Amino acid sequence: MIADPYFKLPGNRLLKAILKRASVSSVRKVTIVTAMECSNLEGVYEREYKQLVGEYVRLNYVRVPNQFIHDRYMLTDKAAIKAGQGFSVAPEKGLQSDHLSISLCGLEEYKDTKARIEEHQKEQPSSCYLLG
């Protein structure tokens, strides 16, 4: 699961790389949690991602309200990391933020973040889109 309030689906090179890896592993679902709207969500998926995963991996797109999450996370069923600049490829600025910055999450932060996202999906099913 990638939880990043600024994650954009169209043209996301990092997501393409993740989905390519997922399609040749045991991963069957990748969840994206974001506050960003994506017009024509299914069209973007069909054009940019479907051929990468075939029928083996499904993409779960969860839209959350602004300020629902602040940090950017990659959560698995076992642990989580935080990424300082998120999970999108951005132009270099010549600053420290150009460098990869990740940190491990503590157990409580991991559990709380995962639980909040799962609760949102149960309470707001209309904000969840399963693609593929």
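Just so you know, residue 1 is the first one in the sequence shown, and it goes up from there. This is a predicted model, so every value here is computed, not measured.
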**Message:** In the structure I gave you, are the side-chain heavy atoms of Arg116 and Val64 within less than 4.5 Å of one another anywhere?
**Reply:** no
**Message:** To the closest 0.5 Å, what do you measure between CD1 (Ile32) and CG (Asn12)?
**Reply:** 7.5 Å
**Within-4.5 Å side-chain heavy-atom neighbours: Leu14 and Ile2** = no
**Item:** Nearest heavy-atom neighbours spanning Tyr49 and Leu19
**Value:** CD2-CD1, 3.6 Å
**Message:** In this structure, would Val30 and Val24 fall into the same cluster of hydrophobic residues linked by side-chain contacts under 4.5 Å?
**Reply:** no
**Prompt:** Which distance, rounded to the nearest 0.5 Å, do you find between the CG of Asp4 and the CE of Met36?
**Reply:** 9.5 Å
**Fill in**
The reported gap from NZ in Lys50 to CD in Glu55 (rounded to nearest 0.5 angstrom) is 9.5 Å
**Request:** List for me each residue that meets salt bridge (Lys or Arg N to Asp or Glu O under 4.0 Å) alongside Glu109, sequence neighbours excluded, and say none if there are none.
**Result:** Lys82
**Prompt:** In this structure, which one of Ile69, Val33, Thr34, Asn66 forms a side chain to side chain contact (heavy atoms under 4.5 Å, CB included) with Pro5?
**Reply:** Ile69
**Request:** Give a yes or no on whether the backbone of Thr76 and the side-chain of Tyr110 come within a donor-acceptor separation of less than 3.5 Å.
**Result:** yes
**Item:** Interatomic spacing from CG in Leu130 to OG1 in Thr31 - rounded to 0.5 Å
**Value:** 8.5 Å
**Atom pair CG/CG of Leu52 and Leu59 - distance to nearest 0.5 Å** = 11.0 Å
**Over-ring placement of Arg72 relative to Phe7, 6.0 Å and 45° cut-offs** = no
**Asked** What do you reckon, is NZ of Lys20 surrounded by more than 12 foreign heavy atoms closer than 6.0 Å?
**Response** no
In a table with atom names and distances, give each donor-acceptor pair under 3.5 Å that connects a side chain of residues 37-45 to protein atoms at least two apart or in another chain.
from, atom 1, to, atom 2, distance (Å)
Glu37, OE2, Arg63, NH2, 3.4
Asn40, OD1, Gly43, N, 3.1

**Message:** Heavy-atom count check: over 12 atoms from other residues, nucleotides or ligands less than 6.0 Å from Arg21 CZ?
**Reply:** no
**Closest non-hydrogen atom pair, Pro65 against His120** = CD-CE1, 3.8 Å
**Item:** Atom pair CD1 (Ile117) and CG (Leu75), whose distance is rounded to the nearest 0.5 Å
**Value:** 5.5 Å
